[in-house]
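Worksheet for the structure shown next.
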Amino acid sequence: MAEQSRRLFLALWPEPALAERLHQLAGEAHRECGGRIMRRETLHLTLAFIGAVGEERLPELLTTLGRLRAPRFRMQLDVLGHWAHNHILWLGCTDAPPALPQLAADIRRELAAIGLPVSGPEFVPHMTLLRKAHVPRELPVFEPADWAVAEWVLVESRMTPHGADYQPLATWALD
Ligand code: 3AM
């Protein structure tokens, strides 16, 4: 029988109160750009997209990533942007704390070391708010959101008729 595989990625997940606030901002941006709003519970910042991983590799993956030590950090989500190539309206930070790209790079290094190289483009910190968004003429003015990041998660992505459904498989605390 064929091995089961799971579609996995690593991410930062905002707490419900912050997610609610960002979801409201997504609603404001939607009035300008249209497209599809990310559901509140699916808002996240992707650290690394792994893709399909055989079920049998999960224990090794969990052990390897669970050994990684990284510091807590804060960031200011203070800028909205639109990417023409994938029609994404995103929220990001003008001045990312160095600990953020460092965490993403550490994860990629650890994954590569166990033969799971990360696919996709270079890490650009962003939180997708809208998909299939039109180019905005003007973006909403908003109060920057302060995000105290204390943990990161391994997530399974499952395709459903209503879009991707995300299931956390493991959560690791930052120091
Ligand atoms: O964080 P965002 O929304 O930019 O588009 C997917 C989403 O990105 C991306 O991984 C994030 C969590 O699903 N993604 C999906 N398939 C991908 C792939 N093959 C991918 N990123 C890179 N390569």
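Everything quoted here is computed from the prediction, not taken from an experiment. All ligand and atom numbering here is 1-based and tracks the order in the structure.
- Hydrophobic cluster membership is shared by Leu61 and Ile107, with clusters built from Ile, Leu, Val, Met, Phe, Trp and Tyr side chains linked at under 4.5 angstrom.
- Numbered from 1 in the order shown, with element, the atoms of ligand 1 that lie under 4.0 Å from a heavy atom of Phe9 read 12 (C), 13 (O).
- Not a single donor-acceptor pair under 3.5 Å links the side chain of Asp165 to the backbone N or O of Met159.
- The protein atom (non-hydrogen) at minimum distance from atom 22 (C) of ligand 1 is Phe49 CD2, 3.6 Å.
- Surrounding CD of Glu15 are at most 12 heavy atoms belonging to other residues, nucleotides or ligands under 6.0 Å away.
- Contacts between Trp83 and ligand 1 below 4.0 angstrom, taking non-hydrogen atoms only, are absent altogether.
- Counting heavy atoms closer than 4.0 Å to ligand 1, residue His126 contributes side-chain atoms (C-beta onward) but none from N, CA, C or O.
- Of all the atoms in ligand 1, the ones that sit under 4.0 Å from a non-hydrogen atom of Thr46 are 1 (O), 2 (P), 8 (O), 11 (C), 12 (C).
- In this structure, His82 has its ring center at least 6.0 angstrom away from the ring center of Trp90.
- Near His44, meaning under 4.0 Å from one of its heavy atoms, ligand 1 places the atoms 1 (O), 12 (C).
- Listed by atom number, the atoms of ligand 1 under 4.0 Å from Tyr166 heavy atoms are 13 (O).
- The number of heavy-atom neighbours closer than 6.0 Å to CG of Asp175, taken from other residues, nucleotides and ligands shown, is above 12.
- Counting heavy atoms under 4.0 Å from ligand 1, residue Arg7 touches it through the side chain alone.
- Follow the hydrophobic side-chain contacts under 4.5 Å out from Ile88 and you never reach Leu12; the two are in separate clusters.
- In this structure, the protein non-hydrogen atom closest to atom 3 (O) of ligand 1 is Thr128 OG1, 2.7 Å.
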